[in-house]
Protein chains: 2
Amino acid sequence: MNAQFKKGVVEMCILKLVSSSDMYGLEVIEGISKEIEVNENTVYPILRRLTLAGYFNTYKEKNPSGPDRKYYRATKEGTLYLGELLHEYRAFTKKVERIIGE
Amino acid sequence: MNAQFKKGVVEMCILKLVSSSDMYGLEVIEGISKEIEVNENTVYPILRRLTLAGYFNTYKEKNPSGPDRKYYRATKEGTLYLGELLHEYRAFTKKVERIIGE
DNA sequence: CTATCTATTGTGTTATGCACAATAGTATGA
DNA sequence: TCATACTATTGTGCATAACACAATAGATAG
């Protein structure tokens with residue numbers, strides 16, 4: 001799979017999933033992996049980056065079968081940013097279709 | 001415009017344009033620019049890279065109003081590679097739509 | 001008490017778009 | 001003629017994102 005096509009798109013997918021409902025890292029990875037092959041070393045840094053940027057808040061929850069889970073919750077800014085990304089992405093893919101057309 | 005979304009896609013668009021008909025650099029830039037904002041310093045290196053990879057051949061043509069133009073023509077390998085990219089890209093965007101869906 | 005599973009973090013590499021800059025041929029106006 | 005502008009291409013270096021490789025750490029089962 002061409003890794004280049006994923007640039008920026010994985011971030012948007014993560015924002016979408018976490019905006020739908022709070023999730024911890026592995027849950028996000030599973031969610032994306034249902035459709036797109038994605039590496040844990042890709043998802044975790046994005047979660048940290050988006051948290052640092054103020055798009056996510058985090059909180060810990062006990063896990064009976066292993067170490068605590070770090071949950072991510074989208075902030076208002078995160079939801080706004082997701083909206084922008086979705087708009088940009090859809091406009092972009094439409095333009096690309098006009099070039100590669102038919 | 002999110003530059004990340006363009007990763008890999010500009011290359012595919014260039015392959016598509018040159019496969020449709022032989023073109024020189026600035027012509028390719030104009031073709032892409034009708035839809036997507038793209039920089040000359042993005043397009044020229046891709047043309048050289050694809051030539052080096054055997055996906056394009058080049059030939060010079062006289063230009064009455066300036067320096068010679070370097071034309072690019074897609075090879076059989078280039079056309080095959082374009083087909084693969086188009087297939088991958090469309091499969092990928094479908095999967096993304098399933099995540100960001102509704 | 002070692003192995004395994006779950007969950008997360010850290011370092012370094014690669015590829016691509018692009019900003020900044022330069023080179024070079026041709027034409028045109030002062 | 002010579003400076004300027006336009007056309008066409010090339011070169012250097014940077015930022016970013018995906019990911020390979022690796023490590024850390026808690027919990028549980030054999």
Side-chain angles (χ1 to χ4, degrees), chain A residues 1-15 18 22-33 35-53 55-56 58-72 85 88-89 92 95-96, chain B residues 1-15 18 22-33 35-53 55-56 58-72 85 88-89 92 95-96:
Chain A
M1 177 61 216
N2 191 336
Q4 298 303 321
F5 288 155
K6 297 183 193 169
K7 301 276 164 118
V9 175
V10 176
E11 179 182 283
M12 180 176 67
C13 290
I14 291 174
L15 267 158
V18 175
D22 294 8
M23 283 189 190
Y24 64 98
L26 274 189
E27 217 177 347
V28 173
I29 292 167
E30 280 162 29
I32 307 263
S33 297
E35 300 294 343
I36 303 166
E37 216 178 304
V38 75
N39 196 288
E40 53 173 18
N41 308 304
T42 297
V43 175
Y44 281 117
I46 293 175
L47 287 169
R48 276 176 249 141
R49 195 200 313 150
L50 292 175
T51 304
L52 202 73
Y55 298 137
F56 290 157
T58 64
Y59 57 94
K60 288 255 180 179
E61 287 227 336
K62 283 261 165 277
N63 169 19
S65 64
D68 291 358
R69 287 162 173 164
K70 196 181 197 174
Y71 277 80
Y72 295 86
L85 281 183
E88 263 190 78
Y89 177 75
F92 178 72
K95 286 171 185 171
V96 173
Chain B
M1 177 62 216
N2 192 336
Q4 297 304 321
F5 289 155
K6 297 182 193 171
K7 301 274 162 126
V9 176
V10 176
E11 180 181 281
M12 181 176 66
C13 290
I14 290 174
L15 267 158
V18 174
D22 294 9
M23 283 188 191
Y24 64 98
L26 274 189
E27 218 177 346
V28 172
I29 292 166
E30 280 163 28
I32 307 261
S33 298
E35 299 294 344
I36 303 166
E37 217 177 304
V38 75
N39 196 287
E40 52 171 19
N41 308 304
T42 297
V43 175
Y44 282 117
I46 293 175
L47 287 169
R48 275 176 249 143
R49 195 201 312 149
L50 292 174
T51 304
L52 202 72
Y55 298 137
F56 290 157
T58 64
Y59 56 95
K60 288 255 180 178
E61 288 225 338
K62 284 262 164 278
N63 168 21
S65 63
D68 291 358
R69 289 161 172 163
K70 197 182 198 173
Y71 276 80
Y72 295 86
L85 281 183
E88 264 190 79
Y89 177 75
F92 177 72
K95 287 170 184 171
V96 172

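Hydrogens, waters and symmetry mates play no part in the numbers below; they use all other heavy atoms, side chains included. Below, read A as the first sequence line, B as the second, and so on, with proteins coming before strands; counting in each chain starts at 1. Just so it is clear, the structure is predicted and the values come from calculations on it, not from any experiment.
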Comparing Gly8(A) and Asp68(A) on DNA chain D - which has the more 5′ nearest nucleotide: Gly8(A)
Nearest-nucleotide 5' precedence on DNA chain D, Lys62(A) against Ile46(A): Ile46(A)
Would you mind reading off the distance between [X] atom [atom1] and [N] atom [atom2], rounded to a whole angstrom?
X        : N       : atom1 : atom2 : result
Ile36(B) : dT16(C) : CD1   : C1'   : 14 Å
Lys60(B) : dT26(C) : NZ    : P     : 11 Å
Asn39(B) : dG17(C) : CG    : P     : 11 Å
Leu47(A) : dA18(D) : CG    : P     : 12 Å
Arg49(A) : dT9(C)  : CZ    : P     : 14 Å
Lys70(A) : dG26(D) : NZ    : P     : 15 Å
Glu30(B) : dC6(D)  : CD    : C1'   : 13 Å
Ile14(B) : dT9(D)  : CD1   : P     : 13 Å

Nearest-nucleotide 5' precedence on DNA chain C, Gly25(A) against Val9(B): Gly25(A)
Along DNA chain C (nearest heavy atom to each residue), the more 5'-positioned of Tyr71(A) and Glu37(B): Tyr71(A)
Sugar-phosphate only, base, or nothing, as touched by [X] at under 4.0 Å among non-hydrogen atoms:
X        : value
Asn41(A) : base
Lys6(A)  : sugar-phosphate
Arg48(B) : base

Candidates Tyr72(B), Tyr24(B), Tyr71(B) - the one meeting ring-ring contact (aromatic ring centres under 6.0 Å, His included) with Tyr59(B): Tyr71(B)
Proximity to the side chain of [X] - top-ranked nucleotide from [options]:
X        : options                   : answer
Leu26(A) : dT8(C), dT16(C), dA18(D)  : dT8(C)
Thr42(A) : dA22(D), dA18(D), dT6(C)  : dA18(D)
Gln4(B)  : dT16(C), dT16(D), dA19(C) : dT16(D)
Lys7(B)  : dA15(C), dT8(C), dG17(C)  : dG17(C)
Arg69(A) : dA7(C), dC19(D), dT9(D)   : dA7(C)

For a quick test of reading the model, state the closest non-hydrogen atom pair linking [X] to [Y] and the distance between them.
X        : Y        : result
Asp68(B) : Lys62(B) : OD2-NZ, 3.2 Å
Leu47(A) : Gly25(A) : CD1-CA, 3.8 Å
Val38(A) : Ile29(A) : CG1-O, 4.3 Å

Side chain Glu88(B), main chain Asn2(A), donor-acceptor under 3.5 Å: yes
Whether Lys7(B) side chain and Gly8(A) backbone form a donor-acceptor pair below 3.5 Å: no
Side-chain N,O (Tyr24(A)) to OP1/OP2 (dT8(C)) below 4.0 Å: no
Under 4.0 angstrom between Tyr44(A) side-chain N/O and dT8(C) OP1 or OP2: yes
